[in-house]
Each structure stands twice: as structure tokens, then as C-alpha cells.
Amino acid sequence: MRTLHKTLIAAALAAVLTVPLVDLDAGASAPPPEAPPAIVSVAAAVSTELAPRHWAPGSVISRQDAHVASEQDGRVIKVAEVGQNVRAGDPIAVLDDTTLRLQEREGEANLSRIQAQLDMATRQEQRYAQLAQQQNIARSQYEQQQADRDILVQERARAQALLAQTRHQRKQMLVRAPFDGVVAEREVELGEFVSSGDPVARVVDTAEQEVRVRAPVDLARHLAVGTPVQVRLGDSERAHAVSALVPVGDEASRQLELRIKMDASEFPVGTAVEVGMPSAATRAVVAVPRDAVILRREGDFVLRVGADSKAERLSVKTGAEVGDLVEISGNVKAGDRLIVRGGERVEAGQAVTLQDLSRAVSAR
């Protein structure tokens with residue numbers, strides 16, 4: 001009886017253990033479910049002409065930036081405020097002109113005195129001329145009167161010059177802006193005494209801007225006035241043309257200077273930028289949008305969408321960059337559709353669904 005009982009228990013256990021083994025074998029033999037199509041955006045590879053670029057730091061400067069100095073000595077009684085907009089000829093500092101004003105009055109009085117003496121000498125000369133003609137006086141007396149009149153004429157000219165000089169100095173007591181701009185810095189304060197040549201304020205023309213950058217002399221053969229370059233600040237990059245080139249390299253740094261004219265609305269004066277300049281001759285290449293290149297530790301690649309709407313992974317090497325395009329070398333040709341959005345989780349061979357890129361942008 002005990003033997004029968006043990007036999008029944010063993011059979012039951014065997015039946016229980018057999019069921020999951022059969023289920024596990026069935027699950028292992030079933031194929032994995034196919035991944036659903038990924039929604040992606042694509043852009044075409046293009047054939048274009050690019051040149052390798054050398055990037056160098058530059059600064060946005062004003063074409064007119066002056067520390068305006070005083071031409072006279074004097075005490076400051078008025079000075080423009082920092083940030084004040086001025087026009088060419090507007091006073092940015094006023095000096096006390098009391099001494100010159102009194103000197104001008106003295107010069108006017110001296111000129112009037114000499115003019116009165118000259119008028120008297122002129123009338124006397126006319127009388128002497130008549131007497132000399134009638135031989136009532138010696139000829140030498142008449143000539144002496146002419147000499148006296150001529151001396152007074154020269155004294156009047158000297159007095160007029162001194163008076164004009166005083167008036168000019170009075171005008172210079174107003175330190176005027178040499179061009180339109182903004183007062184960027186006050187270098188004197190009210191009540192201070194300044195001497196001739198001392199700066200009183202810094203005026204910067206914010207409407208005329210340019211980028212100043214230095215480049216290795218080796219790039220001189222690829223640079224000229226009008227050569228297109230890229231000016232970059234953060235993620236913003238714009239194309240500009242070289243407006244001036246100084247083809248003289250510094251002996252210490254072996255670099256030459258370039259100027260790139262900018263619009264006043266682009267960057268404030270003093271902004272640090274990067275300038276991309278051509279470092280080699282232009283060549284024909286295959287270029288793709290920068291977003292199409294996926295960077296991985298094991299190597300860069302792109303995902304091409306084939307005619308069967310499936311993704312294909314292609315290894316590439318990147319080269320020069322211009323704007324949003326980057327040069328690539330690999331099994332990619334112009335016209336290939338490359339995934340530029342949504343490809344981070346797409347596997348090779350996975351089906352994809354193309355999304356209208358314009359709708360995607362508007363939806364964001």
C-alpha cells in the first residue's frame with residue numbers, strides 16, 4: 001500500500017514539472033515581435049564646394065573710438081553723462097573761460113584804440129600830401145607820416161590776429177564730439193582742472209562696427225578683401241566678407257590683421273567672437289546637415305532611408321564645416337535621404353515613417 005502511495009506522488013510531481021518546461025520551450029521558439037516604424041525627419045545629402053576653415057578669436061570693435069582730449073587748460077564746469085548720445089560737434093565738456101573772456105574784451109579795446117590812431121594818421125597823411133605837393137613841407141616829413149600810418153596798419157593786423165586767437169581759444173573751451181556716438185566713459189569730473197592734451201571723455205561710434213581678428217601669415221594666400229568668412233557667437237553663425245586686410249605679419253606672432261565690417265544690430269562693441277577663415281583651396285565634396293551625423297565612441301555614422309523605408313547605418317568621417325553643412329566621406333552620395341531628427345533610437349533595418357519637417361517645426 002505504501003509503495004502505491006509513493007508511486008502516485010511521484011507521478012503527480014512529474015506531471016507538474018513537465019508543464020512549465022513545455023511552456024518555456026514554446027516561448028523560446030517564438031520569433032520576437034517586430035519593432036513599430038519610427039517617426040523621423042530626413043534631409044538630402046548635397047554635392048557642394050567647401051574649404052577647410054581655421055577658427056581664430058576676434059573682437060567686435062567700433063571703427064571710431066576716441067578718448068577726446070582738451071585743447072586748453074581750464075577747470076571743468078560741465079561734462080556729459082555716461083551713456084549720453086551725442087552728435088558730431090555737440091559739447092561733451094565745458095571749461096571755465098572767464099580769463100579768456102576778459103582777454104577778449106582787452107583785445108577788442110586795443111583794436112579800437114589802434115583803429116582810431118590809424119584813422120587819425122590816414123587824415124594826417126592826406127594833409128601832408130597836399131602840403132608836399134605845394135612844397136610847403138619837406139618831402140621827408142610826408143614820407144615819415146606815410147611810415148607812421150603803415151606801422152599802425154601792421155599793429156592793427158597784429159591786434160586782429162591776437163583777438164582772433166583769443167576767440168578761437170574760447171571756442172576750444174567747449175570740448176566737442178568729433179563724430180556721432182555715445183559717451184562710454186567720463187575721464188574727468190566737475191571741478192577738476194585739466195591741461196591741454198588731457199582726455200575728458202571716451203566717445204564710441206556704435207553705428208560703425210567691425211570685427212578685428214588676427215590670422216597666421218600662412219593663410220594670406222587664401223585671404224583677400226571680399227573673401228567670405230564665418231563669424232560665430234555661441235550657436236549663432238553668420239557669413240560676412242573681409243572688409244580690410246593688412247598684409248604685414250607681426251615678427252613675433254607671425255600673424256596678420258583682418259577687419260570684417262558688421263551691422264550695428266548684430267553684436268555690441270566688445271563682444272568676443274570666433275572667425276572661421278578658409279585655410280585651403282575650395283574643393284567639391286558631399287555634405288550633409290550637421291544633425292544627420294550621429295557621434296559615437298566607436299565611430300561616427302549616418303542613417304540612410306532606403307527605397308523600402310528602412311534605416312541603413314553607414315559609417316562616415318567628417319571634414320570641414322560651413323554653416324549647417326558638414327563634409328563627410330563614406331558610402332554616401334548626393335541625393336541620399338538621411339535621418340536628421342528622431343534617429344537616436346532607430347536601429348539598422350528598422351522601418352521608419354517620414355514626418356513633414358515643416359509641420360514638426362511649427363508644432364514645436
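Heavy-atom basis, side chains included; hydrogens, waters and symmetry copies ignored. Quantities reported herein were computed from a predicted structural model and do not represent experimental measurements.
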Check: Between atom CZ of Arg156 and atom CD of Gln115, what is the distance when rounded to the nearest 0.5 Å?
Finding: 5.0 Å

Check: Do Leu354 and Val40 come within less than 4.5 Å of each other through their side chains, counting heavy atoms only?
Finding: yes

Next item on the list: Treating Ile, Leu, Val, Met, Phe, Trp and Tyr as nodes and any side-chain heavy-atom pair under 4.5 angstrom as an edge, say whether Val194 and Val183 lie in one connected cluster.
Entry: yes

Next item on the list: Count the heavy atoms of every other residue, nucleotide or ligand shown that sit under 6.0 Å from CZ of Arg105, and state whether that count exceeds 12.
Entry: no

Notebook entry, point to check: CG of Asp218 to CD of Gln255: how many Å apart, nearest 0.5 Å?
Noted result: 10.5 Å

Item checked: Over all atoms of both residues, closest heavy-atom pair of Pro228 and Pro278 -> O-CD, 4.0 Å

Check: How many angstroms lie between atom CD1 of Ile114 and atom CD1 of Ile151, to the nearest 0.5 angstrom?
Finding: 12.0 Å

Next item on the list: Please name the pair of heavy atoms, one in Val231 and one in His240, separated by the smallest distance, quoted to 0.1 Å.
Entry: CG2-CD2, 3.8 Å

Next item on the list: Treat each ILVMFWY residue as a node, draw an edge where side-chain heavy atoms are under 4.5 Å apart, and state whether Ile77 and Leu174 are in one component.
Entry: yes

Checklist line | Ser243 side chain to Arg259 backbone, donor-acceptor under 3.5 Å | finding: yes

Note to self: Using every non-hydrogen atom in the two residues, find where Pro289 and Ala44 come nearest and quote the distance to one decimal.
What the structure shows: CD-O, 4.2 Å

Next item on the list: Go through Gln124 and Arg127 one step at a time and tell me if the side chain to side chain donor-acceptor pair (under 3.5 Å) criterion holds.
Entry: CA-CA 5 Å; Gln124 188 72 7; Arg127 288 194 292 268; 2.3 Å; yes

Notebook entry, point to check: Between Glu187 and His67, what is the shortest heavy-atom contact and its length?
Noted result: OE2-ND1, 2.5 Å

Check: Does a donor on one side chain sit under 3.5 Å from an acceptor on the other, for Gln172 and Gln72?
Finding: yes

Notebook entry, point to check: Is any side-chain heavy atom of Glu347 less than 4.5 Å from a side-chain heavy atom of Arg313?
Noted result: no

Item checked: Donor-acceptor pair, side chain of Asp300 and main chain of Leu295, under 3.5 angstrom -> no

Check: How long is the gap from CD on Gln146 to OH on Tyr128, to the nearest 0.5 Å?
Finding: 12.0 Å

Next item on the list: Report the C-alpha separation of Val188 and Asp198 in whole Å, then their side-chain angles, then the decisive distance to 0.1 Å, and conclude whether the side chain to side chain contact (heavy atoms under 4.5 Å, CB included) test is met.
Entry: CA-CA 9 Å; Val188 295; Asp198 290 344; 5.9 Å; no

Next item on the list: Compare all side-chain heavy atoms of Asn110 with those of Glu106 and state whether any distance is below 4.5 angstrom.
Entry: no

Note to self: Out of the candidates Gln169, Gln165, Arg167, only one should pair with Glu104 under the side-chain hydrogen bond (donor to acceptor under 3.5 Å, both in side chains) rule; please name it.
What the structure shows: Arg167

Enumerate donor-acceptor pairs with a distance under 3.5 Å from any side-chain N or O in residues 83-96 to protein atoms, sequence neighbours excluded.
{"from": "Gln84", "atom 1": "OE1", "to": "Glu81", "atom 2": "N", "distance (Å)": "3.2"}
{"from": "Arg87", "atom 1": "NH1", "to": "Asp180", "atom 2": "OD2", "distance (Å)": "3.4"}
{"from": "Asp90", "atom 1": "OD2", "to": "Arg87", "atom 2": "N", "distance (Å)": "2.8"}
{"from": "Asp96", "atom 1": "OD1", "to": "Thr98", "atom 2": "N", "distance (Å)": "3.2"}
{"from": "Asp96", "atom 1": "OD1", "to": "Thr98", "atom 2": "OG1", "distance (Å)": "2.8"}
{"from": "Asp96", "atom 1": "OD2", "to": "Arg75", "atom 2": "NH2", "distance (Å)": "3.2"}

Next item on the list: Verify the neighbour count for atom CG of Leu190: are there more than 12 heavy atoms of other residues, nucleotides or ligands below 6.0 Å?
Entry: yes

Notebook entry, point to check: Would a hydrophobic clustering, with Ile, Leu, Val, Met, Phe, Trp and Tyr connected at side-chain separations under 4.5 Å, put Leu338 with Val305?
Noted result: no

Margin query: To check you understand the geometry: which heavy-atom pair defines the closest contact between Val203 and Phe179, and what is its length?
Written below: O-CZ, 3.5 Å

Notebook entry, point to check: Same cluster for Val332 and Phe301 if Ile/Leu/Val/Met/Phe/Trp/Tyr side chains link at under 4.5 Å?
Noted result: no

Next item on the list: May I ask you to check whether over 12 heavy atoms, not counting those of Glu298, lie within 6.0 Å of atom CD?
Entry: yes

Notebook entry, point to check: Are any non-hydrogen side-chain atoms of Val76 and Glu189 less than 4.5 angstrom apart?
Noted result: no

Check: Could you give the distance from OG1 (Thr166) to NZ (Lys171), rounded to the nearest 0.5 Å?
Finding: 12.5 Å

Note to self: Given 3.5 Å as the limit, does a donor-acceptor pair link the side chain of Ser62 with the main chain of Asp205, or not?
What the structure shows: yes

Margin query: Quick one: does any side-chain atom of Ser236 pair with a main-chain N or O of Leu233 as donor and acceptor, under 3.5 Å?
Written below: no

Next item on the list: Could you tell me whether the side chain of Asp263 reaches within less than 4.5 Å of the side chain of Gln209, counting heavy atoms only?
Entry: no

Next item on the list: Evaluate side chain to side chain donor-acceptor pair (under 3.5 Å) for Asp150 paired with Gln154, printing each intermediate quantity in order.
Entry: CA-CA 6 Å; Asp150 292 341; Gln154 298 303 318; over 6 Å; no

Check: Are any non-hydrogen side-chain atoms of Leu256 and Val246 less than 4.5 angstrom apart?
Finding: no

Notebook entry, point to check: Donor-acceptor pair, Asp119 side chain versus Ala116 backbone, under 3.5 Å?
Noted result: no

Notebook entry, point to check: Applying the 4.5 Å side-chain criterion to the ILVMFWY set and letting contacts propagate, would Val316 and Val285 be lumped into a single cluster?
Noted result: no

Checklist line | Worked verdict on Leu111 versus Gln160 for side chain to side chain contact (heavy atoms under 4.5 Å, CB included) | finding: CA-CA 7 Å; Leu111 179 61; Gln160 289 174 335; 3.5 Å; yes

Next item on the list: Check step by step if side chain to side chain contact (heavy atoms under 4.5 Å, CB included) holds for Glu208 and Lys261.
Entry: CA-CA 8 Å; Glu208 292 289 335; Lys261 190 173 182 179; 3.9 Å; yes

Notebook entry, point to check: Roughly how far, to the nearest 0.5 Å, is the CG atom of Leu118 from the CD atom of Glu125?
Noted result: 10.0 Å

Item checked: Check ion pair Arg214-Glu257 (N to O, under 4.0 angstrom) -> yes

Notebook entry, point to check: Are Arg337 and Arg304 close enough that some pair of their side-chain heavy atoms sits under 4.5 Å apart?
Noted result: no

Check: Looking at His222 and Thr227, what are the two nearest heavy atoms and their distance?
Finding: O-CG2, 3.8 Å

Note to self: Any heavy-atom pair between the side chains of Arg232 and Trp55 that's under 4.5 Å?
What the structure shows: yes

Item checked: CD/Gln133: more than 12 non-hydrogen atoms of other groups inside 6.0 Å -> no

Notebook entry, point to check: If you measure from the Lys or Arg side-chain nitrogens to the Asp or Glu carboxylate oxygens, is any gap between Arg341 and Asp291 under 4.0 Å?
Noted result: no

Next item on the list: Run the numbers on Ser329 and Lys317 for side chain to side chain contact (heavy atoms under 4.5 Å, CB included), then give the verdict.
Entry: CA-CA 5 Å; Ser329 57; Lys317 292 184 179 180; 3.5 Å; yes

